[in-house]
Amino acid sequence: MSGNTATLTIGDKAIELPTKSGSVGPTVVDIAPLYKHTGMFTYDPGFTSTASCESQITYIDGDEGVLLYRGYPIEQLAEHGDFLETCYLLLYGELPTAAQKADFDYRVTRHTMVHEQMARFFQGFRRDAHPMAVMVASVGALSAFYHDSTDISDPHQRMISSMRLIAKMPTLAAMAYKYTIGQPFVYPQNNLDYPSNFLRMCFSVPCEDYKPNPILARALDRIFILHADHEQNASTSTVRLAGSSGANPFACIAAGIACLWGPAHGGANEAALKMLQEIGTVDRIPQYIAKAKDKNDPFRLMGFGHRVYKNYDPRAKIMQRTTHEVLNELGHKDDPLLEVALELERIALHDEYFIEKKLYPNIDFYSGITLKAMGFPTSMFTVLFALARTVGWIAQWKEMIEDPSQKIGRPRQLYTGAARRDYVSPAQRR
Ligand code: ACO
């Protein structure tokens with residue numbers, strides 16, 4: 001690589017490829033002209049060396065354990081701000097003034113109700129449906145209810161659908177939960193802040209007064225901030241790819257929710273908690289560490305490792321503190337799961353296998369214990385992740401639609417199937 005170009009030599013042919021530098025982070029080689037000049041594609045399953053887009057939203061330095069939203073460190077946002085402020089920042093690019101924040105909060109709050117017919121849509125699900133199945137379907141179904149904000153070429157409609165998604169996700173998530181436990185849906189209440197309103201919609205019943213606990217509300221708000229965006233992860237890339245065809249934002253976010261459901265992505269907090277429960281006591285940890293290290297055993301320590309972070313996930317540090325605050329508040333500070341988690345973390349951080357492979361606890365390692373202590377069943381963990389990530393998905397979707405160089409996403413492939421062959425009639429096949 002020299003100056004603003006990189007030279008690629010294939011056989012006796014050399015081609016100059018342009019390079020591009022970001023504001024921070026590694027330089028990229030622009031391989032778009034490669035096929036035109038060489039008739040070759042690049043091959044990068046899992047996109048481990050490929051930037052799929054240009055973005056100004058989130059920056060991660062996985063080696064240093066840094067996460068910035070629009071340039072602001074996650075630690076500062078989680079310590080000093082609230083989730084709706086983070087939503088504003090991700091959507092508009094700047095922190096809001098006091099007046100902008102008050103207006104934004106007001107607008108989100110006024111969009112929290114869902115069309116009354118959505119309640120009947122929910123009745124079609126089995127009671128034991130996984131709430132993520134309900135979320136995929138109900139968020140996709142919003143496109144059937146809000147036709148007036150699905151014209152993606154209209155900036156006003158794009159912003160309205162973004163606000164609707166941020167505002168309605170807690171309502172739908174709480175409805176998905178209430179439906180599975182057979183309790184009546186609870187309408188949003190506009191005098192409550194975003195996390196308190198969500199806690200009330202999940203945990204109140206019409207026959208009793210409910211007062212959201214401010215410490216739990218603050219902890220939940222911080223969990224939402226930590227999960228709000230994470231640049232081009234699998235679900236965000238899914239949203240961008242779905243959106244690149246011009247699909248409406250509700251359908252694109254439903255696609256993101258489907259991708260998030262998998263245990264290697266958003267489902268990992270559920271898997272991490274199940275693993276801690278299965279381990280049960282500190283004395284059983286060594287056998288699980290041995291299983292994780294055994295090449296012939298597919299078992300992995302859930303909540304450890306990350307595609308990008310090869311250092312301590314900065315979100316996991318904040319999450320660990322939040323876990324302690326919640327367990328103290330609820331009087332669970334001697335929770336055996338926390339004891340197992342802390343000891344597992346201590347052992348893994350000192351074990352050669354985990355050190356060499358740079359496997360650190362990720363955010364999911366602690367979030368499961370915290371959400372369980374708050375009263376959420378494990379099946380809701382990924383739903384809460386989806387709720388928080390909606391703003392990241394929608395900010396990335398908007399950025400893509402507003403990028404004049406945007407094209408339909410269409411990866412190429414290395415074909416290794418049969419070469420051309422002729423059809424053989426059934427009687428002649430062997
Ligand atoms: N436990 C034990 N070994 C592990 C673990 C783990 N959790 N994670 C990775 N390894 C090992 C692999 O076996 C592999 O070993 P090898 O080089 O000897 O073959 C090596 O570390 C690299 O692993 P890859 O799977 O190639 O790493 P990749 O970056 O593709 O995977 C992933 C990242 C999927 C997160 C992986 O670490 C994992 O499965 N972790 C457990 C699930 C989890 O916690 N997911 C949450 C991700 S964070 C999020 O979505 C918010």
Side-chain angles (χ1 to χ4, degrees), residues 44-50 58 60-63 65 67 69 74 78 132 222-239 256-279 285-320 322 341 344-345 347-371 378 381-393 396:
D44 183 18
F47 304 105
T48 52
S49 296
T50 299
T58 292
I60 303 173
D61 183 334
D63 294 325
L67 170 60
Y69 292 163
I74 189 70
M132 279 300 274
R222 204 175 295 137
I223 293 174
F224 292 162
I225 295 173
L226 298 181
H227 287 86
D229 194 45
H230 215 224
E231 51 116 312
Q232 309 311 319
N233 57 83
S235 56
T236 303
S237 299
T238 301
V239 170
I257 297 172
C259 177
L260 187 74
W261 194 355
H265 191 9
N269 51 14
E270 190 172 338
L273 185 76
K274 281 189 182 141
M275 181 195 71
L276 292 175
Q277 283 167 330
E278 193 186 311
I279 298 176
I285 293 175
Q287 86 191 59
Y288 281 85
I289 297 266
K291 265 164 78 67
K293 287 155 66 171
D294 182 354
K295 278 234 163 286
N296 300 317
D297 191 326
F299 175 78
R300 286 185 169 200
L301 276 192
M302 286 292 138
F304 275 79
H306 197 276
R307 169 58 63 80
V308 179
Y309 291 116
K310 303 301 172 194
N311 198 325
Y312 214 110
D313 177 344
R315 302 167 304 167
K317 279 193 196 147
I318 307 167
M319 199 60 234
Q320 191 199 43
T322 305
L344 187 62
E345 179 187 21
I347 295 178
L349 289 179
H350 291 92
D351 189 293
E352 205 37 55
Y353 173 91
F354 292 88
I355 295 171
E356 191 220 318
K357 294 189 189 302
K358 300 188 174 163
L359 298 170
Y360 293 85
N362 58 45
I363 187 170
D364 298 312
F365 187 62
Y366 285 104
S367 60
I369 311 171
T370 318
L371 297 176
T378 45
F381 294 176
T382 319
V383 174
L384 269 84
F385 189 163
L387 186 169
R389 182 56 57 87
T390 295
V391 64
W393 288 331
Q396 301 266 355

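Remember, it's 1-based here, ligands and their atoms both numbered in the order they're listed. If you read the sequence from its start, that first residue is 1, and numbering goes on from there.
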For atom 44 (O) of ligand 1, what's the nearest protein heavy-atom neighbour? Residue, atom name and distance, please. G303 N, 2.8 Å
Counting distance only, does the side-chain N/O of Y69 pair as donor-acceptor with the main-chain N or O of A228 below 3.5 Å? yes
Under-4.0 Å protein heavy-atom contact, atom 27 (O) of ligand 1: no
Could you measure the distance from the CD atom of Q232 to the OG1 atom of T238? Nearest 0.5 Å is fine. 11.0 Å
My question is simple, although I want it checked carefully: is atom 5 (C) of ligand 1 less than 4.0 angstrom from any protein heavy atom? yes
Is the distance from the ring center of Y309 to that of H230 below 6.0 Å? yes
Ring geometry between Y312 and Y360 (parallel below 30°, tilted from 30 to 60°, perpendicular above 60°): tilted
Side chain, backbone, both or neither: N233 near ligand 1, heavy atoms under 4.0 Å: neither
The residue among I347, I279, D294 that forms side-chain contact (heavy atoms from CB on, under 4.5 Å) with I289 is I347
Spacing of I318 atom CD1 and I225 atom CD1 [to the nearest 0.5 Å]: 9.0 Å
Just go through A316, G267, G305 and tell me whose heavy atom is the nearest to atom 35 (C) of ligand 1. G305
Using heavy atoms and a threshold below 4.0 Å, how should the contact between R300 and ligand 1 be classified: side chain, backbone, both, or neither? both
For atom 1 (N) of ligand 1, find the nearest protein heavy atom and state the residue, atom name and distance (0.1 Å precision). L301 N, 3.0 Å
Nitrogen or oxygen of G266 less than 3.5 angstrom from that of ligand 1: no
Looking only at distance, does F385 have an N or O less than 3.5 Å from an N or O of ligand 1? no
Can you pull out the closest protein heavy atom to atom 45 (N) of ligand 1? Residue, atom name and distance to 0.1 Å, please. A268 CB, 3.4 Å
Non-hydrogen protein atom less than 4.0 angstrom from atom 30 (O) of ligand 1: yes
When you measure from atom 40 (N) of ligand 1 to every protein heavy atom, which one gives the shortest distance, and what is it? F304 O, 3.0 Å
Show your working on side chain to side chain contact (heavy atoms under 4.5 Å, CB included) between I363 and F385 and close with a plain yes or no. CA-CA 11 Å; I363 187 170; F385 189 163; 5.8 Å; no
Report yes or no: does a heavy atom of K310 sit under 4.0 Å from some atom of ligand 1? yes
May I ask you to check if ligand 1 and K357 share an N or O to N or O distance below 3.5 Å? yes
Honestly, for Y353 the part within reach of ligand 1 (heavy atoms, under 4.0 Å) is side chain
Under-4.0 Å salt bridge between K274 and E278: no
If the test is side-chain contact (heavy atoms from CB on, under 4.5 Å), which one of N233, N362, T48 qualifies with R307? T48
Is the closest heavy atom of K295 to ligand 1 under 4.0 Å? yes
If you round to the nearest 0.5 Å, how far is OG1 of T370 from CG of L273? 9.5 Å
Just jot down the ligand 1 atoms closer than 4.0 angstrom to any heavy atom of H306, in number order. 33 (C), 35 (C), 37 (O), 48 (S)
Please report which non-hydrogen protein atom sits nearest to atom 49 (C) of ligand 1, along with the residue it belongs to and the distance in Å to one decimal place. D364 OD2, 3.5 Å
For ligand 1, find out whether one of its N or O atoms is nearer than 3.5 Å to an N or O atom of F354. no
